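Notes to accompany the following structure.
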Amino acid sequence: MAFPILFLLFLSLPFSSAKLSVDYYQKTCPNFEKIVSENVFAKQSASPATAPGLLRLFFHDCITDGCDASILVTSNAYTPHAERDADLNLSLSGDAFDVIAKIKNALELSCPGVVSCSDIVAQATRDLVKMVGGPYYPVRLGRKDSTESDAAKVNANLPTPSMSMDRIIEKFTSKGFTVKEMVAMTGAHTIGFTHCKEFINRIYNFSKTSDADPPCTRNWWLG
């Protein structure tokens with residue numbers, strides 16, 4: 001399973017500039033873990049797609065410009081083209097955004113102005129992955145949220161289905177990851193599902209001479 005490697009890798013992705021520690025909110029928001037876990041349990045129980053959805057959102061946030069919650073910023077007059085509105089992010093799960101909003105609201109009632117959204121995303125992702133059978137791992141806290149969000153950075157950092165394998169490998173190795181680590185990180189998406197639009201052109205009506213992309217055998221497509 002890719003989970004154990006994956007979350008060790010998330011620890012090596014660039015975080016927002018802050019000193020991180022597992023007990024960061026021990027004094028300023030002592031109910032932080034309880035509030036996150038309760039909301040995670042309620043949301044996942046009602047909407048099972050929440051876990052894979054938030055895992056994917058966490059990856060999209062971290063790989064773009066660090067784990068800074070810039071994926072949560074909506075486009076406005078000051079940020080006309082936020083990451084959230086990039087084409088590659090339009091299919092991010094509504095359940096993932098919803099659970100973060102619920103947790104943030106609950107925390108603001110308990111300890112207003114203390115907990116960052118980036119810490120909520122990191123903690124909630126860990127809790128959800130553990131809930132669906134993945135590993136437990138300590139989450140270092142103390143991230144600061146970014147006020148900047150640029151859709152152009154999404155396209156520059158995320159791999160796409162149309163890229164060659166060499167180009168995808170280059171995307172990850174340029175950030176210091178090995179090919180094995182790349183496979184672990186991308187493979188973790190398999191706890192969810194993929195969107196047909198990402199690869200349907202390689203299965204049907206690929207060309208005049210072949211229904212499917214020739215390098216892909218029929219048995220491969222059939223799973």
Side-chain angles (χ1 to χ4, degrees), residues 1-11 13 15-16 18 20-63 66-74 83-84 89-146 184-195:
M1 182 179 287
F3 282 133
I5 300 176
L6 173 72
F7 289 100
L8 289 175
L9 300 182
F10 272 131
L11 296 179
L13 284 166
F15 293 113
S16 52
L20 307 183
S21 64
V22 294
D23 58 352
Y24 188 82
Y25 297 113
Q26 185 173 10
K27 294 182 178 179
T28 57
C29 192
N31 290 324
F32 167 72
E33 290 189 16
K34 181 175 182 288
I35 290 172
V36 173
S37 63
E38 287 178 349
N39 279 272
V40 159
F41 180 83
K43 181 64 178 179
Q44 178 65 16
S45 298
S47 304
T50 303
L54 188 57
L55 174 58
R56 182 168 179 250
L57 182 148
F58 188 37
F59 173 75
H60 279 226
D61 182 41
C62 293
I63 202 71
C67 305
D68 57 7
S70 53
I71 189 68
L72 303 180
V73 177
T74 55
E83 291 174 30
R84 187 169 178 170
N89 286 337
L90 293 179
S91 61
L92 289 176
S93 167
D95 286 322
F97 287 107
D98 183 61
V99 71
I100 297 305
K102 282 181 165 62
I103 295 169
K104 180 63 173 175
N105 289 338
L107 286 168
E108 285 302 304
L109 291 173
S110 178
C111 40
V114 173
V115 181
S116 67
C117 288
S118 47
D119 276 342
I120 294 172
V121 174
Q123 182 84 3
T125 300
R126 190 280 308 278
D127 287 357
L128 280 163
V129 167
K130 179 66 172 66
M131 190 174 173
V132 298
Y136 175 89
Y137 57 95
V139 177
R140 292 181 293 165
L141 304 165
R143 299 166 186 77
K144 305 303 178 185
D145 294 337
S146 174
M185 295 186 78
T186 55
H189 283 72
T190 57
I191 71 166
F193 56 87
T194 190
H195 297 269

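In what follows, residues are counted from 1 in the order of the sequence shown. These numbers were taken from a predicted model, which means no experiment stands behind them.
- Not one N or O on the side chain of Ser47 forms a donor-acceptor pair closer than 3.5 Å with the backbone of Thr50.
- Contact record, Pro30 with Thr28: CD-C, 3.8 Å, taken as the closest heavy-atom pair.
- Although no hydrogens or angles enter the test, the distance criterion places a donor-acceptor pair under 3.5 Å between the side chain of Asp61 and the main chain of Ser70.
- Pairing each heavy atom of Met185 with each of Phe59, the nearest pair is CE-CE1, 3.8 Å.
- Contact detail for Ala51 and Val132: the closest heavy-atom pair is CB-CG1, 3.7 Å.
- Within the 4.5 Å cutoff, side-chain heavy atoms of Ser91 are placed close to those of Arg56.
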For residues 93-108, run the donor-acceptor check on the side chains, cut-off 3.5 Å, and write out each pair with its distance to 0.1 Å, sequence neighbours left out.
| unit_1 | atom_1 | unit_2 | atom_2 | d |
| --- | --- | --- | --- | --- |
| Ser93 | OG | Asp95 | N | 3.1 |
| Ser93 | OG | Ala96 | N | 3.2 |
| Asp95 | OD1 | Lys43 | NZ | 3.1 |
| Asp98 | OD1 | Lys102 | NZ | 3.0 |
| Asp98 | OD2 | Lys43 | NZ | 2.8 |
| Asp98 | OD2 | Lys102 | NZ | 2.7 |
| Lys104 | NZ | Glu108 | OE2 | 3.1 |
| Lys104 | NZ | Val115 | O | 2.8 |
| Asn105 | ND2 | Ala101 | O | 3.3 |
| Glu108 | OE1 | Gly113 | N | 3.0 |
| Glu108 | OE2 | Gly113 | N | 3.3 |

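- When all heavy atoms of Leu54 and Ala124 are compared, the pair lying nearest together is CD2-CB, 3.6 Å.
- Using modelled atom types, one side-chain atom of Asp145 and one backbone atom of Cys117 make a donor-acceptor pair closer than 3.5 Å.
- Taken from CG in Leu57 to CG in Asn89, the straight-line distance is 7.5 Å, to the nearest 0.5 Å.
- We find the CD1-OG distance between Ile71 and Ser118 to be 13.0 Å, quoted to the nearest 0.5 Å.
- A 4.5 Å side-chain heavy-atom check between Met131 and Ser45 finds at least one atom pair inside the cut-off.
- No side-chain heavy atom of Val73 sits less than 4.5 Å from a side-chain heavy atom of Glu83.
- Residues Leu72 and Val121 are in side-chain contact: their nearest non-hydrogen atoms beyond the backbone lie under 4.5 Å apart.
- Note: Ile35 CD1 to Gln123 CD = 11.5 Å, rounded to the nearest 0.5 Å.
- Partners of Tyr25 according to the ring pair (Phe, Tyr, Trp, His ring centres under 6.0 Å) rule, which considers only residues two or more places apart in sequence or in another chain, are Phe32.
- Considering all non-hydrogen atoms of both residues, Cys67 and Phe58 come closest at SG-CE1, 4.1 Å.
- Atoms CD and CG, from Gln44 and Asp127 in turn, are 11.0 Å apart once rounded to the nearest 0.5 Å.
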